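Note sheet for the following structure.
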2 protein chains.
Amino acid sequence: MSDTGHPHRIQLIRQGMVKHVAPHHWEELTPLLQEQRTYPSNTVISTRGSTLDHSLLLLDGIVARSIPRPDNERSTFVALQFRGDFVDLHAFPLKQLDHDVVAVTPSTVAVVQHDALKKVLDGNIEMSRTLWSLTLVDASIHRHWAMRNSAMRGFARVANFFSEIDARLCAATETYQDSYTIGITQTDIADATGMTPVHVNRVLKDLREDGCCSISNGHLQIIDRDRLHMRGDFDPAYLYLPGSEAPL
Amino acid sequence: MSDTGHPHRIQLIRQGMVKHVAPHHWEELTPLLQEQRTYPSNTVISTRGSTLDHSLLLLDGIVARSIPRPDNERSTFVALQFRGDFVDLHAFPLKQLDHDVVAVTPSTVAVVQHDALKKVLDGNIEMSRTLWSLTLVDASIHRHWAMRNSAMRGFARVANFFSEIDARLCAATETYQDSYTIGITQTDIADATGMTPVHVNRVLKDLREDGCCSISNGHLQIIDRDRLHMRGDFDPAYLYLPGSEAPL
DNA sequence: CGTATGCTTGAATCACGTCAACTGATGTGG
DNA sequence: CCACATCAGTTGACGTGATTCAAGCATACG
């Protein structure tokens, strides 16, 4: 299930959301990352209801926060995490987990033990507040997801969803790309957008024919970024991306 | 727009979510509440994009966090706040506001200036973490709203929504009631559940005829709480209510 | 090989949205 | 006081976006 690697082999990237952590704080943080784990796709990393004594820094892959549906046949994704994201950092103050954490694609994480983190943060109000901010950005994204899945129709909804993935992956890799190998299935997209896989399939076809983007074999290609943003009414402000005008 | 009251007239209730704040911390916090404001229903308290130097403690009324829709004709509610909730506490670390804050019903708030709060929190890691937790409970509720509006059908969705209101108002007033005067309109419910006002009206009729609850003139009556919870697949764990088994 | 998983498409159905008309309550100004 | 406007709620008729059920087709895998 999980593959433990040697401490010295951890590749510590300061890209994506963790870039909000100032360099001199980052130096205090990295020694805490002593364990590395790898999960194959479609595996549960943490289950809801459980108590966590650690959080994860996502090094590679895509991880979803997932809430099982009442019927228990499928589940709903309420958030996606990309490389450079702190996964379950909110479990540090809250301990109890209210949702599942699932590796959507093969994923690699670094483990941060809460007691070690506590020792560092207890003496460092400033960094403490930065990490607080990181969890609040998650909250901002949650709000956007609630809005998107409540107020937008299928076509615009998926367009907005891909715009977000594009923007976040761009921030995570620090290069603008026209195509990404993300390896998520249409069923995953359905879980994230609150639609059926069948309808997702049809919307994807519409997006392709409209010249926005195309996705096949887990390979997302942005054909016309401006058009995609327009169709999805996309405004990345809610992402608080590092480097954008809105500071943390 | 806002009515400023005298400092000594503020009625400080330690009910609802602020009950998570320990009594000895509460004593440090209350001196910060020096100003009281009252807003009539349907008024904007803070607009998105603006920078906040204060947060609000909701003393009475119902306040919504609202994101304008692309068409700009209506807006979507992504959260509701009740008495005892910290409104916009997340603006303390984040400063920038990504959504509007609107008084849904006539509301009274107490103002907490961020610089005063900072002085208290800088020397108090423990309370700092409690307030961090409070914002994370908001995030948990956001996740639930995303799930609810993505995965549940109209009938169950509204049932779940009312179950939440019931549970939170109960926690806010510390008495189990069969009816509440909440004063929200069917259009408000529509904005919160991602439905049209017309369809909300029909669902409310179904809920009434099913013997769950009835709402008229902003007056919510719980007819059969167990039935309501069943219909809405309601499990209050995500609310982290004070006094429940899941501690902060 | 056979079986599982993901993608694609069609046809039928349904939940929900849209448009519109009507009611009742409240409020305002002449 | 009445005429008029406004807003919340209610209901009907109709249209459509989305789900459901189903079949077919790939590719991957033990």
Side-chain angles (χ1 to χ4, degrees), chain A residues 40-43 62 69-71 73-74 76 102-106 148-161 181-210 213-221 231-232, chain B residues 40-43 62 69-71 73-74 76 104-106 148-161 181-210 213-221 231-232:
Chain A
S41 67
N42 261 318
T43 47
I62 298 177
R69 296 197 179 192
D71 55 27
E73 286 184 14
R74 268 173 55 206
T76 304
V102 184
V104 176
T105 69
R148 178 167 62 209
N149 290 1
S150 300
M152 301 179 91
R153 288 286 170 78
F155 188 79
R157 196 187 293 182
V158 176
N160 188 287
F161 177 67
T181 305
I182 53 178
I184 65 177
T185 67
Q186 294 187 1
T187 303
D188 292 329
I189 301 170
D191 289 339
T193 55
M195 300 161 53
T196 51
V198 173
H199 196 236
V200 164
N201 182 284
R202 292 190 233 267
V203 169
L204 290 182
K205 188 183 173 188
D206 293 341
L207 280 167
R208 206 180 313 123
E209 288 174 353
D210 191 60
C213 63
S214 84
I215 182 163
S216 61
N217 296 323
H219 193 79
L220 170 66
Q221 185 178 11
R231 296 289 193 236
Chain B
S41 66
N42 261 318
T43 47
I62 298 178
R69 296 196 178 192
D71 56 27
E73 287 184 15
R74 268 172 56 207
T76 303
V104 176
T105 69
R148 177 168 63 211
N149 290 1
S150 300
M152 301 179 91
R153 289 286 168 78
F155 188 79
R157 198 188 294 182
V158 177
N160 187 288
F161 177 67
T181 305
I182 53 177
I184 65 176
T185 66
Q186 295 186 1
T187 303
D188 292 329
I189 301 171
D191 289 339
T193 55
M195 300 160 55
T196 53
V198 174
H199 197 237
V200 164
N201 181 287
R202 293 191 234 266
V203 169
L204 289 183
K205 188 182 174 188
D206 293 342
L207 280 168
R208 206 181 313 124
E209 288 173 355
D210 192 61
C213 63
S214 85
I215 182 163
S216 62
N217 295 324
H219 194 80
L220 170 66
Q221 185 177 10
R231 296 289 193 236

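All chains are named by letter (A, B, ...) in the order of the sequence lines, taking the proteins before the strands, and each is independently numbered beginning at 1. Small disclaimer: the values here were computed from a predicted structure and weren't measured. No hydrogens, no waters, no symmetry mates; every other heavy atom, side chains included, goes into these values.
For the pair Asn160(B) (side chain) and Arg157(B) (backbone), a donor-acceptor distance under 3.5 Å is absent. With Arg231(A) contributing its side chain and Phe155(A) its backbone, the two residues share no donor-acceptor pair below 3.5 Å.
One can place CZ of Phe155(A) at 16 Å from C1' of dA18(D), the figure rounded to the nearest angstrom. Protein atom CZ of Arg74(A) is 9 Å distant from nucleotide atom P of dT19(D), rounded to whole Å. The CG-P distance, from Asn217(A) to dT8(C), rounds to 9 Å in whole Å. As rounded to whole Å, 9 Å separates atom P of dC7(C) from atom CG of Leu204(A). Taking atom CG on Asp206(B) and atom P on dT10(D), their separation rounds to 12 Å, with Å as the unit. Between the CG atom of Asp191(B) and the P atom of dG17(C) there is a distance of 12 Å, given to the nearest Å. Put simply, CD1 on Ile189(A) is 12 Å from P on dG6(C), counting in whole angstrom units. Across the protein-nucleic acid pair, Arg157(A) atom CZ and dG17(D) atom P stand 13 Å apart, rounded to whole Å.
With a 4.5 Å cut-off on side-chain heavy atoms, Ile215(B) and Ile189(B) count as touching. The shortest distance between side-chain heavy atoms of Ser41(A) and Pro106(A) falls below 4.5 Å.
Using a 4.0 Å cut-off, some side-chain N or O of Arg153(B) falls inside it from OP1 or OP2 of dT20(D). Between Asn201(A) and the phosphate of dC7(C), there is no side-chain N or O to OP1/OP2 separation shorter than 4.0 Å. Residue Gln186(A) places no side-chain N or O under 4.0 Å from the OP1 or OP2 atom of dT5(C).
Between Val198(B) and Ile215(A), the residue anchored closer to the 5' end of DNA chain C is Ile215(A), taking for each the nucleotide with the nearest heavy atom. Of the two residues contacting DNA chain D, namely Asn42(B) and Lys205(B), the nearest-nucleotide position lying further toward the 5' end is that of Asn42(B).
Looking at Arg202(A), its side chain comes within 3.5 Å of the base of dT20(D) through a donor and an acceptor atom.
The OG1 atom of Thr185(A) lies 7.5 Å from the CG atom of Asn42(A); values are rounded to the nearest 0.5 Å.
Contacts of Gly194(A) with the nucleic acid, taken as non-hydrogen atoms under 4.0 Å apart, involve only primed sugar atoms and P, OP1 or OP2.
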